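Just follow the structure's listing: the first ligand is 1, and inside any ligand the first atom is 1. Computed from a prediction, not measured in an experiment: that's the story for all the values here.
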Amino acid sequence: MELIHTVDWMKQVARQARSEGAIVGLVPTMGALHAGHLSLVRAARERSSSLVVSIFVNPKQFGPKEDFTRYPRTLDADRAALDPLGVHHIFAPPVEEMYPRGFSTGVEVAGLSERLEGRSRPGHFRGVTTVVLKLFEIVQPSFAFFGRKDAQQGRIIRQMAADLNLDTEIVVCPIVREPDGLALSSRNSYLQAPERAAATVLSRSLAAVRQRIERGERMVQPLVEEMRAVLAAEPLAAVDYAEIVDADTFEPATRLHGSCLAVMAVFIGSTRLIDNMLIEADGAKITCTI
Ligand code: PAF
């Protein structure tokens, strides 16, 4: 497994792999890898013969008051975790390599990027799509793998890939959870013990929505009220948003139909966590995937 720090070297290595007929896969990450990331790597390894994992804490996707400087950087542990998984290259460029002096381009997916996460974190998705397009250009992967915990991010990247005719297929993989339901996130490491216990409220509120759906509820309003009531009962939780939206447009839904997402962002103390549940209606049958 080779550790690569420069754009030129990464491009050269990926070009060489493609010219030898390899199917190049990419798992973009910001490091501080956990079992959720490793599940993406395993899925990616199954579909690619040359696998790149990028580790780059992207300053452009953090707001001025967010946790860019505090974000965990654990390159040695990340390398150790990736080593047994058949990863060929880690691409870990310094900030100046990705954004040299004078860098002035941004990529924006209008509409989708302005809702929910985008409304709460202005500029966040522009930072994400800018860095992801750069990574795609550098590596030119056939497949790129993202987690469904960041459902809106996955949808936006898919839109960017379609709009710009990119040759990279976007693969979105399931959420990985702790045994008590908490979705894995690098930010979980910020939680103090009482907050860690409180953080299960996100998945508990999704489970409550699923239960109401299983009992036959199809209208969104009572489901959202249920989700918010569970969240409100947790004293350490402050809700940023909790909605049920169409999974394609991310506009609020009124009745369950097609694919919807119950999505939320919740502060547990000062740590902002997100989570979601996919709700798929097929005629009278509804499947909820937490
Ligand atoms: O999901 C993440 O970790 C980041 O948003 C990504 C896709 C690696 C871009 O920096």
Notebook entry, point to check: Taking N or O atoms only and a 3.5 Å limit, does Gln61 qualify as a polar contact for ligand 1?
Noted result: yes
Next item on the list: Using a 4.0 Å heavy-atom cut-off, say whether Ile157 meets ligand 1 through its side chain, its backbone, both or neither.
Entry: neither
Next item on the list: Could you tell me which atoms of ligand 1, counted from 1 in the order shown, lie closer than 4.0 angstrom to a heavy atom of Thr29?
Entry: 8 (C)
Check: Does NZ or CZ of Arg73 fall inside the cone over Phe68's six-membered ring, less than 6.0 Å from its centre and within 45° of the axis?
Finding: yes
Checklist line | Taking atom 3 (O) of ligand 1 as the reference point, the nearest protein heavy atom with its distance | finding: Met30 CG, 3.7 Å
Item checked: Numbered atoms and elements of ligand 1 in range of Val131, under 4.0 angstrom, heavy atoms -> 9 (C), 10 (O)
Notebook entry, point to check: Can you check whether Phe56 and Phe91 have ring centres sitting under 6.0 Å from each other?
Noted result: no
Check: Any side-chain heavy-atom pair from Lys149 and Val176 closer than 4.5 angstrom?
Finding: no
Checklist line | Main-chain N/O of Val24 paired to Ser50 side chain as donor or acceptor, under 3.5 Å | finding: no
Next item on the list: Looking only at distances, please establish whether an N/O atom of ligand 1 is found under 3.5 Å from an N/O atom of Gln153.
Entry: yes
Checklist line | Under 3.5 Å: donor-acceptor pair, side chain of Asp240, backbone of Phe267 | finding: no
Checklist line | Residue Pro28 vicinity, atoms of ligand 1 by number, heavy atom under 4.0 Å | finding: 8 (C)
Next item on the list: Check whether any side-chain N or O of Glu280 sits under 3.5 Å from a backbone N or O of Gly258 as a donor-acceptor pair, and report yes or no.
Entry: no
